[in-house]
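Structure, as structure tokens:
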Amino acid sequence: MIRIGDILERIELYNPDFDEELIQKAYVFSAKAHQGQLRLSGEPYLIHPLEVAGILANMHLDDQSVASGLLHDTIEDSLVTHKEISRLFGSQVAELVEGVTKISKMSFESSEDTQAENFRKMVLAMTKDIRVILVKLADRLHNMRTLEYHKPEKQQRIASETLDIYAPIANRLGIDWMKSELEDASFKYIMPEAYASLERQISKSEKERSRYIEDVKQLIKKKLAENDIFAEISGRPKHIYSIFRKMQSQNIEFSELYDITAFRIIVNSVTECYEVLGIVHNLWVPIPGKFKDYIALPKANLYQSLHTTVNGPKGERIEIQIRTHEMHQVAEMGIAAHWKYKEAINLDEKDDKRFRWLRQLFEYQNDLRDNSEFLETIKVDLFPDEVFVFTPTGEVKEFPRGSTPIDFAYSIHTEVGNHCKGAKANGKIVPLKYNLHNGDRIVIITHPQAHPSKDWLKTVKSSRARTKIRQWIKTQERGQSIQLGKDLLEKEAKRHPVNFNRLFKDGSLKSVAEIFGLNTADDLLATVGYGKITPRQVIRRILPPEELDAEAHPEEQKPLLKIISKLKGKDSSPILIKGEENVLVRFAKCCNPLPGDKIVGFITRGRGIAIHKADCGTIMNSDPQRLVEAKWKVTDTTRRPVKIQTTSFDRRGILAEITKKLAAEEADILSARVHTTDDKHAVNQFEIAIKDLKHLNRIIRALNHIKGITEVKRIQF
């Protein structure tokens, strides 16, 4: 068990002038606040804050961070207040403790809206002071080390959250050892059988592997000494979760893995790094495509090393990392030693690069109000698989793997992206869908008439490009809707004693906009263009009832009423649209919603409201302003068409049994398509009329009971 004296000794090693009084006072305060509290293990609760402070000291963090580690649970688990922490330990420590407390209360497995809101809060906490997330990571790491004392359900929940949220953050901050430990600990509880199996297989070969590692180390050391290079050399098996991921991605068994051992060579200079690389490649044959130069092209978190994979002794593949002592410190500590992320502090160029991705996250959380877009951005920035390319001037730019010239264009400037027409990679014209490769030199071709396309959203990978494209599309759609609304309103105004141009000048449109809860006249016109408000509703707000020209043009009114009557039919719509009355609705053929499905309305241009299933892919990337709340009328008895497909063994009489069962379940067959496959299966498609989703599910269950049926499913038109 760690003691406060151990922590003080660790801090003194890297900071002889530390504020010992602050740390001691935080320890005593935490001990009093947690007095009498026990962990699930039965140990005194104080052990947890001590362990967290010890982790932070190992990361060489400052006095305020270590003190916050000791105090991080005092607000949440006792009667201590933020004000009291601030008075005794200063505002910085109080803000850190409160920030960690807020993150601890967040849930990342709730609804999309709640999840997005919690991510926003986390981003704000991180950008306000990066030490908040460092203290939280230390807290989560110790909790994962003691997760065995929780119930299985809680173990699964905490482990999943750690793997999805906290391990990627540790990786993004460059703290590799913490990322690896969090991943392994999470894997142990999420997939215990797979973890135990891998652990057994690794331990079986442990003695043999230890001898192998020692032999390789001595061989490398001897070759380096012959060239007057003296280095620190270490070797180890890769961590369990990375081995598991490799097995999954390559679809192979453990016995088929050939590169589960990694060696690290630490030298004194960059020149020696490249000399060692040459020696290693002369010693063993390198594997093509397995060399990465992160010294010339550092990762976003400024990680630097040379990575190569070679066919080592006994034909076993081994991965070798070569770096300087300074690079090793950055790789181990990551961003932890560079916490000063504040607008008021001048950062040097290296520190500014470290925090660039965090600045972008902060900007996106302000710009992106749509929760699904924001969550997508978070995932892109937390799970980067980088590719590095050059600008025409030789500047290096980093992108997620799979990025295109469009991503590159938007990284230069928004206008370059918006007017991107084509691109060159290494002097050759390439399509805009071209995937960027490491080392590409990219030139963007622009044209004043070129503009973004919705199709670009299917190919771009960077969050910046995606955000800017969506902003342009929304701006354009709004402009089109304003013009359409203006045309419709002007046409309606001609039917009444209303001067349309005067409505703008005298502020009438702005007044009407405010009645509808809108801010400007343009907002009103856009809403009319989207079809959410009719031109007549606007005119009705301007003219008094007695002046409304309802009967002024009876010759025009009668045909119009006939058309409306035909559209509405004898029965009213089976759909209720929030805030709308007498609106023409139609059912989208892409998803063909049934009563019982969760639905949403999409306002089309001139064709009323299209009803889609709420999870329909067609409307996932549509303008949210054109979506309206919709639900089924409880009393509706209208039957809806739906298509089902049955797959069965091709035996005599099975078609008769299917149709008989459909009739028994009161499903009207509208059409049928029957065919037999080469492997003696019958695939039948039926269009049937049913009441609702429950009716459909009952029919599917009934058909599944027929002998020989292997599958029954609903299909789209």
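- A distance of 4.5 Å separates CD1 of Ile406 from OG1 of Thr459, quoted to the nearest 0.5 Å.
- For Ser68 and Arg131, the side-chain atoms include no donor-acceptor pair closer than 3.5 Å.
- Legend: residues meeting side-chain hydrogen bond (donor to acceptor under 3.5 Å, both in side chains) with His82, ordered by chain and number and at least two apart, are Glu95.
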Set out, in order, the CA-CA distance, both residues' side-chain angles and the distance that settles side chain to side chain donor-acceptor pair (under 3.5 Å) for Tyr166 and Asp139, then state yes or no. CA-CA 11 Å; Tyr166 292 104; Asp139 170 48; over 6 Å; no
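- Between the side chains of Ser269 and Thr271, no donor-acceptor pair is found at a separation under 3.5 Å.
- Side-chain atoms of Ile320 and Val276, non-hydrogen and from C-beta on, never get closer than 4.5 Å to each other.
- Residue pairs meeting the salt bridge (Lys or Arg N to Asp or Glu O under 4.0 Å) criterion with at least one partner in residues 7-22, sequence neighbours excluded, are absent.
- In this structure the side chain of Val135 never reaches within 4.5 angstrom of the side chain of Leu61, judged on heavy atoms.
- No side-chain heavy atom of Asn268 sits under 4.5 Å from any side-chain heavy atom of Phe230.
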**Q.** Tyr241/Ile190 under side-chain contact (heavy atoms from CB on, under 4.5 Å): CA gap, chis, key distance, verdict
**A.** CA-CA 11 Å; Tyr241 185 64; Ile190 294 171; over 6 Å; no
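- Distance alone, capped at 3.5 Å, is enough to place a donor-acceptor pair between the Asp407 side chain and the Lys461 backbone.
- A donor-acceptor pair under 3.5 Å is absent between the side-chain atoms of Asn171 and the main chain of Lys179, judged by distance alone.
- To the nearest 0.5 angstrom, Ile11 atom CD1 is 4.5 Å from Ile23 atom CD1.
- For Arg209 and Thr261, the side-chain atoms include at least one donor-acceptor pair closer than 3.5 Å.
- Asn426 contributes a side-chain N or O that, together with a main-chain N or O of Arg441, makes up a donor-acceptor pair within less than 3.5 Å.
- Partners of Glu148 according to the side-chain contact (heavy atoms from CB on, under 4.5 Å) rule, which considers only residues two or more places apart in sequence or in another chain, are Tyr189.
- Ile85 approaches Ala94 most closely through the heavy-atom pair CG2-CA, 3.6 Å.
- Under the rule for a side-chain contact (heavy atoms from CB on, under 4.5 Å), the partners of Ile287 that lie at least two apart in sequence or sit in another chain are Lys290, Thr309, Asn311, Arg317.
- Using modelled atom types, one side-chain atom of Arg466 and one backbone atom of Val460 make a donor-acceptor pair closer than 3.5 Å.
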Let's go through Ile279 and Ile229 carefully: what are the C-alpha distance in whole Å and the side-chain angles of both, what is the deciding distance for side-chain contact (heavy atoms from CB on, under 4.5 Å) to 0.1 Å, and is it a yes or a no? CA-CA 11 Å; Ile279 292 168; Ile229 297 174; 4.1 Å; yes
Discussion item. Asp6 vs Arg3, test: salt bridge (charged side-chain N to carboxylate O under 4.0 Å, His left out). Steps then yes/no.
Written reply: CA-CA 5 Å; Asp6 302 324; Arg3 301 181 184 278; 5.6 Å; no
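- Between Pro405 and Ala423, the closest heavy-atom pair is CB-CB, 3.5 Å.
- Applying the side-chain contact (heavy atoms from CB on, under 4.5 Å) rule to Val28 yields the partners Lys32; only residues at least two apart in sequence or on another chain are considered.
- A heavy-atom distance below 4.5 Å is not found between the side chains of Leu306 and Ile265.
- When every heavy atom of Ala425 is checked against every heavy atom of Val430, the shortest pair comes out as CB-CG1, 3.8 Å.
- For the atom pair Lys136 NZ and Thr101 OG1, the distance stands at 9.0 Å (nearest 0.5 Å).
- Listed here is the closest heavy atom pair of Leu137 and Ala170: CD1-CA, 4.2 Å.
- Applying the ring pair (Phe, Tyr, Trp, His ring centres under 6.0 Å) test to His437 and every residue at least two apart in sequence or in another chain returns Tyr434.
- The distance from the CG atom of Leu198 to the CD1 atom of Ile240 is 6.5 Å, given to the nearest 0.5 Å.
- Residues passing the ring pair (Phe, Tyr, Trp, His ring centres under 6.0 Å) test with Phe89 are Phe29, sequence neighbours excluded.
- Minimum heavy-atom separation, Tyr274 to Ala296: OH-N, 4.0 Å.
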Self-check item: Intermediate values then yes/no, side-chain contact (heavy atoms from CB on, under 4.5 Å), Leu277 and Phe291
Solution: CA-CA 10 Å; Leu277 179 69; Phe291 169 68; 3.5 Å; yes
- Would Ser411 and Arg464 satisfy side chain to side chain donor-acceptor pair (under 3.5 Å), going step by step from the backbone distance to the final call? CA-CA 7 Å; Ser411 75; Arg464 175 180 173 82; over 6 Å; no
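- For the side-chain contact (heavy atoms from CB on, under 4.5 Å) test, residues two or more places apart in sequence or in another chain that qualify with Gln321 are Arg264, Tyr303, His307, Glu319, Arg323.
- Contact of the Glu161 side chain with the Arg140 side chain is registered, since non-hydrogen atoms from C-beta on lie closer than 4.5 Å.
- For the pair His328 and Glu232, the minimum side-chain heavy-atom distance is 4.5 Å or more.
- The salt bridge (charged side-chain N to carboxylate O under 4.0 Å, His left out) check on Glu181 picks up Arg145, with sequence neighbours excluded.
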Notebook entry, point to check: Given the rule in the side-chain contact (heavy atoms from CB on, under 4.5 Å) test, do Met327 and Tyr294 qualify, once you have shown the distances and angles that lead to the verdict?
Noted result: CA-CA 10 Å; Met327 292 172 191; Tyr294 291 120; over 6 Å; no
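- Between Ser30 and Thr74, the closest heavy-atom pair is CA-CG2, 4.3 Å.
- Expressed to the nearest 0.5 Å, how far CG of Leu50 lies from CD1 of Ile55 amounts to 11.5 Å.
- With a 4.5 Å cut-off on side-chain heavy atoms, Asp73 and Pro49 do not count as touching.
- Atom CE of residue Met191 and atom CZ of residue Phe244 lie 4.0 Å apart, to the nearest 0.5 angstrom.
- The 12-atom threshold is exceeded at NZ of Lys25, counting heavy atoms of other residues, nucleotides or ligands nearer than 6.0 Å.
- Applying the ring pair (Phe, Tyr, Trp, His ring centres under 6.0 Å) test to Tyr14 and every residue at least two apart in sequence or in another chain returns His60.
- Between Glu275 and Asn227 there is no side-chain heavy-atom pair separated by less than 4.5 Å.
- When the ring pair (Phe, Tyr, Trp, His ring centres under 6.0 Å) test is applied to His48, the partners found at least two apart in sequence or on another chain are Tyr45, His72, His142.
- Residues meeting the salt bridge (charged side-chain N to carboxylate O under 4.0 Å, His left out) test with Lys217, sequence neighbours left out: Glu214.
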